[in-house]
Amino acid sequence: MPVRNICCIGAGYVGGPTCSVIAYKCHDIKVTIVDLNQARIDAWNSDNLPIYEPGLDEIVFERRGKNLFFTTDVDGAIQEADLIFVSVNTPTKKSGMGAGMAADLAYVEGATRRIAEVAKSSKIVVEKSTVPCRTAQSMRTILEANSTPGIHFDICSNPEFLAEGTAIKDLLNPDRVLIGALQTPEGIAAQKALAEVYTHWVPADRVITTNLWSSELSKLAANALLAQRISSINALSAICEATGADVDEVAYACGRDSRIGSKFLKASVGFGGSCFQKDILNLVYLSEQLHLPEVAAYWKQVVIMNEYQKKRFVRHIISTLFNTITNKKIAVLGFAFKKDTGDTREAAAITLIKDFIQEHARVAVYDPKVDHEQIFRDLSEPGVIDTRKEVEKHVTICASAYEACHDADAVVLVTEWDEFRDTALDYQKVYDNMHKPAFLFDGRLILDAAKLRQIGFKVSVIGKNELAGTA
Ligand code: NAD
Ligand code: UDX
């Protein structure tokens with residue numbers, strides 16, 4: 001039976017855009033996105049959507065109220081649906097067994113129990129959240145143990161590969177859609193029904209079908225492989241600085257080998273975002289649980305290298321500023337974990353600014369999309385008033401890059417927003433208003449260092465040997 005009514009549990013960065021695109025492409029399907037968070041749902045129903053994603057507004061505004069709905073009536077939407085996406089958060093556990101590594105599955109379990117309790121007809125339940133391998137088995141056990149007799153649940157795994165900032169582009173034109181299911185007649189039928197939703201706009205040969213466990217593991221594997229490339233190029237960036245090699249040239253030369261490929265080889269101040277670190281730690285935990293310590297250590301090194309890269313950058317900034325940044329003004333350009341998003345989860349800027357505060361610097365931050373209150377929240381320990389006060393004493397949030405850089409001793413470029421490029425920002429004006437010597441640290445390799453040196457800046461770029469002060 002073709003799917004006619006979809007419920008998505010979780011109106012976050014994944015559930016919101018993914019199911020809005022389904023509604024946009026499948027006018028014959030009613031899509032209802034639900035969440036427990038009233039404020040989030042209110043924002044989805046307003047002119048000011050809760051997340052910034054290029055192209056999202058147009059899609060939501062076109063379909064909302066037609067075949068796309070946002071509500072907190074979770075039970076009603078579950079009852080109506082023939083297919084339910086579970087797209088809730090799966091953060092790293094903060095306490096208990098596996099704290100700091102394992103995924104917290106409480107939200108997935110909560111949503112699954114709710115489905116079992118309120119469903120009055122059979123459903124296809126789709127795991128959209130990123131979960132440890134074999135979570136579908138736990139979901140099945142919960143659903144079967146709690147459901148009304150006669151009701152049947154099929155479970156599919158359909159991990160999401162969108163990247164923030166390009167979510168709409170990725171969803172409209174995905175490299176692939178992955179659907180895992182039990183290889184039983186019912187499982188295969190559910191897999192086919194879900195595939196038919198996607199083939200409304202995705203070419204059929206891009207829809208990959210696998211068994212459940214391959215699908216679950218592929219999501220963790222894909223993120224681990226992507227993050228590993230960044231840690232690899234960042235590890236090489238340290239060698240570049242020490243030797244005089246240029247990391248962009250090395251990345252280009254290696255990336256031209258078609259076996260290596262050119263993408264995801266941009267050295268940086270370190271990867272951020274809600275997924276990479278969480279999913280690798282999840283993989284590390286899984287490996288440990290499976291008594292595979294060498295495998296766990298191998299993947300853990302990707303995260304260790306990422307932390308090293310951030311610390312290395314901070315150390316270099318401090319040593320360049322004559323070994324002290326006490327009372328110096330540091331302008332931080334960008335706070336989001338990458339450009340074109342307002343998301344700050346695991347953003348490198350958080351680590352950097354916390355270190356600057358520890359060193360008693362005055363920090364001025366500007367980001368075009370991140371909410372001011374979010375910046376303070378990210379920099380303060382949750383619920384600890386003292387750290388909040390300390391942060392407010394040291395950190396000013398500015399309305400423009402020029403304001404942040406005014407009277408600064410150093411500018412640190414952390415997020416690669418286009419408006420920070422030397423073709424967009426007037427660096428002469430920035431320089432004229434800074435203390436001298438005017439230091440500029442490019443953590444994203446987007447600036448033309450030679451051009452900026454001509455203005456008078458002392459420029460350091462990750463992975464270029466001038467960072468070591470030898471050029
Ligand atoms: P998010 O925190 O933005 O959104 C999750 C939403 O689920 C929240 O609004 C929360 O209130 C809601 N929720 C939790 N329990 C609920 C329940 N029982 N009923 C109704 N609503 C409930 O998270 P996200 O970034 O959208 O990520 C969701 C999942 O997708 C995670 O597993 C994540 O790893 C994965 N993922 C994220 C990305 C990304 O770029 N953010 C990409 C791919 C996969
Ligand atoms: C990632 C995966 O790309 C996506 O497939 C998955 O569904 C969710 O996790 P996301 O975290 O949104 O997406 O963004 P991504 O573009 O992967 O960037 C992650 C981090 O790596 C950012 O901080 C980015 O700046 C950094 N990065 C990326 C680099 O430092 N160098 C690169 O070459 C690429």
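Just follow the structure's listing: the first ligand is 1, and inside any ligand the first atom is 1.
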Mark yes when over 12 heavy atoms from residues, nucleotides or ligands other than [X] sit less than 6.0 Å from its [atom1]; otherwise mark no.
{"X": "Gln358", "atom1": "CD", "value": "no"}
{"X": "Asp257", "atom1": "CG", "value": "yes"}
{"X": "Phe61", "atom1": "CZ", "value": "yes"}
{"X": "Phe69", "atom1": "CZ", "value": "yes"}
{"X": "Lys354", "atom1": "NZ", "value": "yes"}
{"X": "Tyr107", "atom1": "OH", "value": "no"}
{"X": "Asp175", "atom1": "CG", "value": "no"}

Report the part of [X] (side chain from C-beta onward, or backbone N, CA, C, O) that has a heavy atom under 4.0 Å from ligand 2; answer both or neither where that applies.
{"X": "Arg444", "result": "side chain"}
{"X": "Cys275", "result": "side chain"}
{"X": "Leu265", "result": "backbone"}

Donor-acceptor pair between [X] and [Y] side chains, under 3.5 angstrom:
{"X": "Gln374", "Y": "Asp378", "result": "yes"}
{"X": "Thr90", "Y": "Lys278", "result": "yes"}
{"X": "Gln309", "Y": "Ser237", "result": "yes"}
{"X": "Tyr298", "Y": "Gln228", "result": "yes"}

Please write down residue, atom name and distance for the protein heavy atom closest to [atom].
{"atom": "atom 2 (O) of ligand 1", "result": "Asn89 CB, 3.6 Å"}
{"atom": "atom 1 (C) of ligand 2", "result": "Phe276 CE2, 3.5 Å"}
{"atom": "atom 42 (C) of ligand 1", "result": "Val14 CG2, 3.6 Å"}
{"atom": "atom 11 (O) of ligand 2", "result": "Phe337 CE1, 3.5 Å"}
{"atom": "atom 40 (O) of ligand 1", "result": "Glu164 OE2, 3.1 Å"}
{"atom": "atom 35 (C) of ligand 1", "result": "Thr130 OG1, 3.4 Å"}
{"atom": "atom 17 (C) of ligand 1", "result": "Leu36 CD1, 3.5 Å"}
{"atom": "atom 43 (C) of ligand 1", "result": "Glu160 O, 3.2 Å"}
{"atom": "atom 16 (C) of ligand 1", "result": "Val88 CG1, 3.6 Å"}
{"atom": "atom 28 (C) of ligand 2", "result": "Ile230 CD1, 3.5 Å"}
{"atom": "atom 24 (P) of ligand 1", "result": "Tyr13 N, 3.9 Å"}

- Message: Using the side chain to side chain contact (heavy atoms under 4.5 Å, CB included) definition, which of the options Leu83, Asn67, Val126 pairs with Ile6?
- Response: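 That would be Leu83; it is the only one of Leu83, Asn67, Val126 passing the side chain to side chain contact (heavy atoms under 4.5 Å, CB included) with Ile6.
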
Grab the two heavy atoms, one from [X] and one from [Y], that are nearest each other, plus how far apart they are.
{"X": "Arg40", "Y": "Pro50", "answer": "O-CG, 3.9 Å"}
{"X": "Cys156", "Y": "Ala181", "answer": "SG-CB, 4.3 Å"}
{"X": "Leu333", "Y": "Ala401", "answer": "CD2-CB, 4.0 Å"}
{"X": "Ala222", "Y": "Phe161", "answer": "CB-CE2, 4.0 Å"}
{"X": "Ser268", "Y": "Asn234", "answer": "N-OD1, 2.9 Å"}

- Is Asn37 in polar range of ligand 1, meaning some N or O pair under 3.5 Å apart?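 No, Asn37 has no N/O under 3.5 Å of an N/O on ligand 1.
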
- Message: Does any N or O of ligand 1 fall below 3.5 Å from an N or O anywhere on Asp35, backbone included?
- Response: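 So ligand 1 has an N or O lying under 3.5 Å from an N or O of Asp35.
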
Within the 4.0 Å heavy-atom shell around [X], which atoms of ligand 1 are there?
{"X": "Leu162", "answer": "40 (O), 42 (C)"}
{"X": "Ser87", "answer": "5 (C), 28 (C)"}
{"X": "Lys278", "answer": "33 (C), 34 (O)"}
{"X": "Lys219", "answer": "43 (C)"}
{"X": "Tyr107", "answer": "14 (C), 15 (N)"}

- Task: Please could you name the atoms of ligand 2 that Ser268 approaches to less than 4.0 Å, counting only its heavy atoms?
- Result: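 So the atoms of ligand 2 that pass are 29 (C), 30 (O).
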
- Query: Relative to the heavy atoms of Leu162, which atoms of ligand 2 are at a distance of less than 4.0 Å?
  - Reply: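 What qualifies from ligand 2 is 4 (C), 5 (O), 6 (C), 7 (O), 8 (C).
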
- Go through the steps for Lys339 and Glu416 under the test salt bridge (Lys or Arg N to Asp or Glu O under 4.0 Å), then give the verdict. CA-CA 6 Å; Lys339 75 170 181 175; Glu416 75 284 21; over 6 Å; no

Should one rank [options] by closest heavy-atom distance to [atom], which comes out on top?
{"atom": "atom 15 (P) of ligand 2", "options": "Lys338, Arg345, Glu164, Lys278", "answer": "Lys338"}
{"atom": "atom 33 (O) of ligand 2", "options": "Lys219, Glu160, Lys266", "answer": "Lys266"}
{"atom": "atom 20 (C) of ligand 2", "options": "Gly273, Ala267, Ala251, Gly272", "answer": "Gly272"}

Between [X] and ligand 1, find which residue part has any heavy-atom pair under 4.0 Å and reply side chain, backbone, both or neither.
{"X": "Ala167", "answer": "neither"}
{"X": "Ser274", "answer": "side chain"}
{"X": "Arg345", "answer": "side chain"}
{"X": "Ile9", "answer": "side chain"}

- Determine whether any heavy atom of Arg114 lies closer than 4.0 Å to an atom of ligand 1.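 The answer is no, since Arg114 has no heavy atom less than 4.0 Å from ligand 1.
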
- Nitrogen or oxygen of Phe161 less than 3.5 angstrom from that of ligand 2: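 Yes, Phe161 has an N/O under 3.5 Å of an N/O on ligand 2.
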
- Query: What do you reckon, does Gly270 have a nitrogen or oxygen under 3.5 Å from a nitrogen or oxygen of ligand 2?
  - Reply: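 No, no N or O pair falls under 3.5 Å.
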
- Message: Can you classify the ring geometry of Trp201 versus Tyr198 as parallel (below 30°), tilted (30 to 60°) or perpendicular (above 60°)?
- Response: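 Tilted: the ring planes of Trp201 and Tyr198 meet at 30° to 60°.
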
